[in-house]
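Here, residue 1 is the first one in the sequence, and each next residue gets the next number.
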Amino acid sequence: MRILLLSSCLFVGGIASAANDLPGGGIDPEALSRHVRILASDEFEGRAPASAGEQRTVDYLVDEFRKAGLQPGGTDGSWVQEVPLVRATVDGPVQASLSLNGKSQPLVNGEDITLQSLSPFGVVDQQDTPLVFIGYGISAPERHWDDYKGLDLSGKIAVVLINDADFETDAPGAFDGKAVTYYGRWTYKFEEAARRGAEGVLIVHETAPAAYPWATVKASGTSPLFDIERSNDEAQAAHTPVRGWMQRALAERIFSAAGLDFEAEKRKAMKADFRPVELGDASLTTSFWVKRERVVTRNVVAKLEGSSHPQESVIFSAHWDAFGIGQPDANGQTVRHGAIDNATGVASVLELGRVFADGPRPQRSLYFIALTAEEKGLLGASYYAAHPLAPLETTVAVLNIEMFSPDGETADIATWGNGRVSLEDDVQRVAQARGRRWSPDPNLEAGFFYRADHFAFARKGVPAITVGAGLDKLDGGVAAGRALRDAYFAKCYHQACDAWTPQWDARGLAADTLLVYDMGLELANSRKWPTWQKGAEFEAAREASDAARR
C-alpha cells in the first residue's frame, strides 16, 4: 500500500518518488543492458522469425518472465501465442534487365533495385513489362485525390514515389503537410497497386522522404518476406506478382530516356490534377524463383492478473524480432543484431514485468507482450489484434516501446507520430513529475506512427502509443542527441552495427522505462479510460467498442 500511496503523490502532487521506492529496487540499468547484450549477441543470430534465433529468444523471454513471478498469458495457459505466417524467400539469383529505347541493360538486385514477391506462385517470370508513372500511387476519395485516374494497370508495372504529395510542397495541402499520412507508407502503395490489378509496383527510393537510406531498403528487401496465411485467390488479390524499390538514379535514367525530367514530373505529382504518365518504351524483364513455406512464429505473453478489475487490461509491448543473418557488411559481419531496434524495448518490457510483479497486485490486469514479425509489417501485433487474448473492448491502453537510446540520459522523452490520443498528455504529465518533459515527434514526415506495433491496436480503436527516446541529452543537448540519432539511421539502422557494446550507458534506458512504469501504474490502478481526440482517425472504432463494453 505504501508504494501505491507514493505513486498517488507522484500523479496528484507532481512529486517524483525516488527510483528505489519502487518494488524490486526499481528499474535496474544493469539489468536492461544485460538483456540487450544477450538478445543482441551473435548467439541469437539476429532474432529472425521462424529461425533458431527465434527459439533462443522465446526461451530467454519465457525464462525471464517466469523468474520475475509473472503468469503465462498465452494461448491455453502457455507463454506464447502462435502466429501462423507464410515465408517467401527468393530462391537463387534474381535476373533483371531494363529496356530503354530498344536497348537492354542488366540490373543488379540489391544495388539498382530490390525485387521480391508475395504472390502465391513459386516463380516470377515477366518479359518486357511496360512501366507507367503513377505519381504517389494514392487513391484517397475523402481527400479528393486519385493518382490513378481510372487507368487500367493490367500488364503494367506502376512506378510510384515514396511518402505523400505534401512532403516537398511549400504549404500544407491535401495530406496535412509534412506529417505523413498512412497513404505515404510503402505498405499502402503496394496494397493499392494490387487492388488496381498491376503486374508489379516499384517505389522510387529517396532517403529524405523515406526516412532511411538505401542500405535499409537493401537489407529488408533482400530478406525473406512474411505474410499472413491466405488462400491463393486472396493472395493474388492482395499482392502484385512482383514488387520492390528502385534507386532514384535509375528512375532518372528511365524518365530521361522517355524525354521527361524526373524532378519536373515529381512536382506535377504533388497536385491533385496529376495524370499517370507512360514512361516511353521502358520495360522490365525479370525472372526468379520464390520458395514459399508455412511457418509458425510466436508472440511471447506474460500476465499479472488484476485484483479488483481483472477483466480490464493494460498492455506493455515491444517487438523481439530483428533481421537475422544477411550479407557481410564492410567489416564482414553478417548478424544484424537489432540491439537498439528493438532489444532495448524488449529489455524494458522485461524490467517492467519484474518490477510490477514484485509490487502490490494492480487493480487491472497487466499483459507484457514481446511481439513477433514487426519488421515484416507489424504481423505479430496485427495477429494479436485480430485474435486478442484479452478482449480489445476492455483493453484500456497499449504502451509500446521502441528504440530507447543507449547514449545516456535525456531531459525529454518522445512518442512516435501524432497520435491525437490522451495518452500523449499522460506522457507529458508523468515526465514533468520526474523533472523531465515530453517532446512531440520532431519528424512527423517520417510516418513513425504507422511504423510501430501500436498501430495494429490503434486501427482497432484501442488507445495506443509508442514511446521512444528523446533527443535532448543532458550531456550535449539536442544537437548531440540529433547527431547520434542521424548517424544511427544513416549507418546502423537494420544493419549489423546495431549492436551492444560495453560503452553503452543504460541510465537513459532506465529513466525512460521508469516513465512507462509511472504511466502503467496509474492506468493499472484507476478507473480512467484513455480516449482519442475528436476527429482522430481511430475515434469511431473506439466508440463502437466502448458501446459494446457498456
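No donor-acceptor pair closer than 3.5 Å links the side chain of Q236 to the backbone N or O of P120. Distance alone, capped at 3.5 Å, is enough to place a donor-acceptor pair between the K149 side chain and the F274 backbone. Proximity of a side-chain donor or acceptor of N418 to a complementary backbone N or O of L444 within less than 3.5 Å is not detected. In this structure, Q81 contributes its side chain and H387 its backbone to a donor-acceptor pair below 3.5 Å. For R143 (side chain) and A174 (main-chain N/O), a donor-acceptor pair under 3.5 Å exists by modelled atom type. A donor-acceptor pair is defined here as one N or O able to donate and one able to accept, closer than 3.5 Å; no such pair exists between the side chain of T89 and the backbone of D91. A donor-acceptor contact shorter than 3.5 Å links the side chain of R47 to the backbone of W320. Panel note: side chain N299, backbone T372; a donor-acceptor pair is recorded below 3.5 Å. Checked by atom type and distance alone, the side chain of H337 never pairs as donor or acceptor with a backbone atom of A322 at under 3.5 Å. Within the 3.5 Å criterion, the main-chain N or O of A458 finds no donor-acceptor partner in the side chain of R542.
For F44 against T57, the heavy-atom pair with the smallest separation is CD2-OG1, 3.4 Å. A452 and L378 make their closest contact through O-CD1, 3.5 Å (heavy atoms, listed as atom of the first residue, atom of the second, distance). Contact detail for T129 and G155: the closest heavy-atom pair is CG2-O, 3.4 Å. Residues F316 and V349 share a closest heavy-atom pair of O-CG1, 4.1 Å. Shortest non-hydrogen contact noted between D166 and G173 is OD2-N, 2.8 Å. The two residues Q495 and A215 make their nearest non-hydrogen contact at NE2-O, 3.1 Å.
With rounding to the nearest 0.5 angstrom, the CG atom of L284 is 6.5 Å from the CG atom of L98. Rounding to the nearest 0.5 Å gives a distance of 8.5 Å between CD1 of I157 and OG1 of T240. Atom CE in M246 sits 10.0 Å away from atom CZ in R253 (nearest 0.5 Å). Rounded to the nearest 0.5 Å, atoms CD (Q327) and OG (S223) are 9.5 Å apart. Here CG of N342 is found 7.5 Å from CE of M403. Values are rounded to the nearest 0.5 Å. If you take OG on S220 and CG on L225, they are separated by 9.0 Å, rounding to the nearest 0.5 Å.
R196 forms a cation-pi arrangement with Y148, by the criterion of a distance under 6.0 Å to the ring centre and an angle within 45° of the ring axis. Relative to the ring axis of F455, R185 does not place its NZ or CZ within 45° and under 6.0 Å from the centre.
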Exercise for review: Carefully, step by step, assess T285 and D128 under the rule side-chain hydrogen bond (donor to acceptor under 3.5 Å, both in side chains).
Suggested key: CA-CA 5 Å; T285 294; D128 295 317; 3.3 Å; yes

Exercise for review: Check step by step if side-chain hydrogen bond (donor to acceptor under 3.5 Å, both in side chains) holds for D453 and S317.
Suggested key: CA-CA 8 Å; D453 280 326; S317 64; 6.0 Å; no

Check your understanding: Stepwise, does the side-chain contact (heavy atoms from CB on, under 4.5 Å) test hold for V159 with I254?
Key -> CA-CA 11 Å; V159 175; I254 294 170; 6.0 Å; no

Exercise for review: Could you please spell out the steps behind the side-chain contact (heavy atoms from CB on, under 4.5 Å) verdict for Q55 and R298?
Suggested key: CA-CA 9 Å; Q55 187 60 56; R298 287 159 291 178; 3.0 Å; yes

Practice item. Would you check, one step at a time, whether the test side-chain contact (heavy atoms from CB on, under 4.5 Å) holds for V132 with I134? Key: CA-CA 6 Å; V132 57; I134 312 293; 4.0 Å; yes

Review point. Should N400 and H319 be marked as a side-chain hydrogen bond (donor to acceptor under 3.5 Å, both in side chains) after you check the CA-CA gap, both sets of side-chain angles, and the distance that decides it?
Key: CA-CA 9 Å; N400 188 59; H319 74 88; over 6 Å; no

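Ring pair F175/W145: centre-to-centre distance below 6.0 Å. Aromatic rings from F457 and Y384 are positioned such that their centres are separated by under 6.0 Å. Aromatic ring centres of Y450 and Y188 lie farther apart than the 6.0 Å criterion allows.
No side-chain donor from either of H494 and T216 sits under 3.5 Å from a side-chain acceptor of the other. In the model, S231 has no side-chain atom that pairs as donor or acceptor with a side-chain atom of D233 under 3.5 Å.
Within a 6.0 Å radius of CH2 in W289, other residues, nucleotides and ligands contribute 12 heavy atoms or fewer. Heavy atoms from other residues, nucleotides or ligands lying under 6.0 Å from CG of D486 number more than 12.
Taking a cutoff of 4.0 Å between a charged side-chain nitrogen and a carboxylate oxygen, R451 and E374 do not qualify as a salt bridge. A salt bridge does not link K266 with E252: none of the charged nitrogens is closer than 4.0 Å to a carboxylate oxygen.
Of the residues L107, L202, T222, the one that meets the side-chain contact (heavy atoms from CB on, under 4.5 Å) test with L115 is L202.
Taking the six-membered ring for Trp and thresholds of 30 and 60 degrees, F489 and F448 have ring planes inclined between 30 and 60 degrees apart.
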